[in-house]
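Reviewing the structure listed below.
Model, not experiment: these values are computed from the prediction.
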Amino acid sequence: MLVTIVFTSIYVRQMYLDYTTAQLNLRDAVKLYSYMNITVAIINFITQMLMSKTVARMMSNVPLFETLSSIPIDTRTIMTSVLMALIKVLGFPFVLEVALIVQQNRNEPHLKWTWTLYNLFPMVISNYLNNCYFGAMIIAKNVLEALNAKLKLQVQEVNLMQHEDNKKLYSKYYRIQRFCTMADELDDLLAKYKMICSQSTDYMALMSLSIVLSLICHLLGITVGCYNQYIAIAESVIGKKPYDAFGAFINLVFLTISILELTLLTYLSNDVLAETRLTGIILQDMNVHEADWRYQQSVHTFTLQVVTIKYRIKPMGLFEINISLISSMLSAVASFTLILVQSDLSQRFKQ
């Protein structure tokens, strides 16, 4: 509560001072991103205070370490996931900090570089919940990949055991015993699959408002960024003014970060969805015609659960986050930018 009050009082006061002194310039990429992130951070603070007990209760019920210990994940996958998380959590803020320092050295050289942290802080805080969700989805993706790898090995063994040549190598008792053992393993994989889908869906429900606000900020940021790039060119070509290369460069940095943030989220979500669908595809490749009835029952139960769950990532039920979201967002950006450009051109040629 105290942190929320202090944060709100400091940054809202700054926004009010900018407004009263006519410095509320939404064409400035730094100010625009600061204002949007301050608003999102305040909303996140308030919502998380209201949902703190619910979040703590849900997180305490997730058997994370038990699941990770039972399904081994290879080192290469872990390193790739850690690198991806570091790029999003540390890499993007570092690039923004460098851009803020360069801009301050040019516009306000009398200030120390530490003042740039004042503008960077809301951008980091507003992305905190999104980074938590991003990390949770990375874990879900890795566990699903390991689960599907174990499932593929079992499919190979089951199909091999029902081959005519292999039937003669094992006794009926051994086959029954082996099928029962694999049925228990399959039931365990099913329990983990259901847990991943249910827990990630519940976590999405808690983080959905923050994700939607973040996507709106990215949509506005990319749109205004593209429009500002057009304005810089139009002022030079049509208005015969010097081209503001420095301002265009700073704007391009923030524009690129927004696009990369959106790209990472959509690609990761799409990979998780692909892994959940791959589970059903693997089960379809399994030949159970001559398998033990206990194993057949486990396979049918697993298949029915995959079909029934129909895992989707839909924050607040508004839209699905997958690879098509990038094209939808960019199409919206192109439409909005085209409207702004047409309006600007009409005003310029009227004069």
Problem set entry | Worked verdict on I78 versus D74 for side chain to side chain contact (heavy atoms under 4.5 Å, CB included) | CA-CA 7 Å; I78 295 176; D74 62 276; over 6 Å; no

Problem set entry | Verdict with supporting geometry, D184 and T181, side-chain hydrogen bond (donor to acceptor under 3.5 Å, both in side chains) | CA-CA 5 Å; D184 293 336; T181 302; 5.7 Å; no

Exercise. Would E97 and F92 count as a side chain to side chain contact (heavy atoms under 4.5 Å, CB included) if you check the C-alpha gap in whole Å, the side-chain angles of each, and the deciding distance to 0.1 Å?
Worked result: CA-CA 9 Å; E97 173 63 10; F92 291 165; over 6 Å; no

Problem set entry | R277 vs Y311, side chain to side chain contact (heavy atoms under 4.5 Å, CB included): CA-CA, chis, key distance, verdict | CA-CA 9 Å; R277 298 186 184 117; Y311 180 72; over 6 Å; no

For this session: Any chance you could lay out the side chain to side chain contact (heavy atoms under 4.5 Å, CB included) test for K194 and L190, step after step, and finish with the verdict?
Result: CA-CA 6 Å; K194 291 172 62 177; L190 171 59; 3.9 Å; yes

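Under a hydrophobic-cluster definition in which Ile, Leu, Val, Met, Phe, Trp and Tyr are linked whenever side-chain heavy atoms come within less than 4.5 Å, directly or via other members, I216 and I222 are assigned to the same cluster. L304 and V299 sit in two unconnected hydrophobic clusters of ILVMFWY residues. Membership requires side-chain heavy atoms under 4.5 Å apart, directly or through other members. There is no path of hydrophobic side-chain contacts, each under 4.5 Å, that joins L278 to L153. Both L265 and L86 belong to a common hydrophobic cluster when Ile, Leu, Val, Met, Phe, Trp and Tyr are linked at side-chain heavy-atom distances under 4.5 angstrom. L220 and L338 end up in different hydrophobic clusters when Ile, Leu, Val, Met, Phe, Trp and Tyr side chains are linked at under 4.5 Å.
In terms of heavy-atom proximity, I309 sits nearest to C197 at CG2-CB, 4.0 Å. Residues Y193 and T276 share a closest heavy-atom pair of OH-O, 3.3 Å. When all heavy atoms of P122 and I38 are compared, the closest pair comes out as CB-CG1, 3.7 Å. A pairwise comparison of heavy atoms in A99 and F254 identifies CB-CE1, 4.5 Å as the closest pair. Among all heavy-atom pairs drawn from A140 and I196, the shortest one is CB-CG2, 4.0 Å. In this structure, G221 and L255 approach most closely via the heavy-atom pair O-CD1, 4.4 Å.
Residues K192 and V143 form no side-chain contact, since every pair of their non-hydrogen atoms from C-beta on lies 4.5 Å or further apart. Between F134 and N127 the shortest side-chain heavy-atom distance does not fall below 4.5 Å. For the pair C226 and V333, the minimum side-chain heavy-atom distance is below 4.5 Å.
Remark: R312 engages E320 in a salt bridge, criterion side-chain N to carboxylate O under 4.0 Å. Salt-bridge check for R294 with D187: passed, with a basic side-chain N closer than 4.0 Å to an acidic carboxylate O.
Note that the CG atom of L264 and the CD1 atom of I87 stand 7.5 Å from one another [nearest 0.5 Å]. One distance of note links CG of L273 with CD of E275; it measures 10.5 Å at 0.5 Å rounding. Here the CG atom belonging to L325 is positioned 11.0 Å from the CD1 atom belonging to I313, to the nearest 0.5 angstrom. Expressed to the nearest 0.5 Å, how far CD1 of I321 lies from OH of Y133 amounts to 5.5 Å. Between atom CG of residue L262 and atom CD1 of residue I259 there is a gap of 8.5 Å, rounded to the nearest 0.5 Å. Interatomic distance, NE2 of H218 versus OG1 of T263, reported as 9.5 Å (0.5 Å rounding).
Here I326 sits in one hydrophobic cluster together with Y267, I323, L330; the rule is ILVMFWY side chains under 4.5 Å apart, joined directly or through other members.
A donor and an acceptor atom, one from each side chain of N322 and S269, are nowhere located under 3.5 Å apart. For the 3.5 Å distance criterion, the side chains of S81 and N142 qualify, holding a donor opposite an acceptor.
Every pair passing salt bridge (charged side-chain N to carboxylate O under 4.0 Å, His left out) that includes a residue from residues 81-94 is listed here, sequence neighbours excluded: K88-E261.
Formation of a donor-acceptor pair under 3.5 Å by the N131 side chain with backbone atoms of V89 is not found in this model. Judged purely by atom type and a 3.5 angstrom limit, S343 has no side-chain atom pairing as donor or acceptor with the backbone of I339.
Counting heavy-atom neighbours within 6.0 Å of Y128 OH, excluding the residue itself, gives a total of 12 or less.
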Got a list of side-chain donor-acceptor pairs under 3.5 Å for residues 203-213, not counting sequence neighbours?
{"unit_1": "S208", "atom_1": "OG", "unit_2": "A205", "atom_2": "O", "d": "3.0"}
{"unit_1": "S210", "atom_1": "OG", "unit_2": "N44", "atom_2": "ND2", "d": "3.4"}
{"unit_1": "S210", "atom_1": "OG", "unit_2": "N130", "atom_2": "OD1", "d": "3.1"}

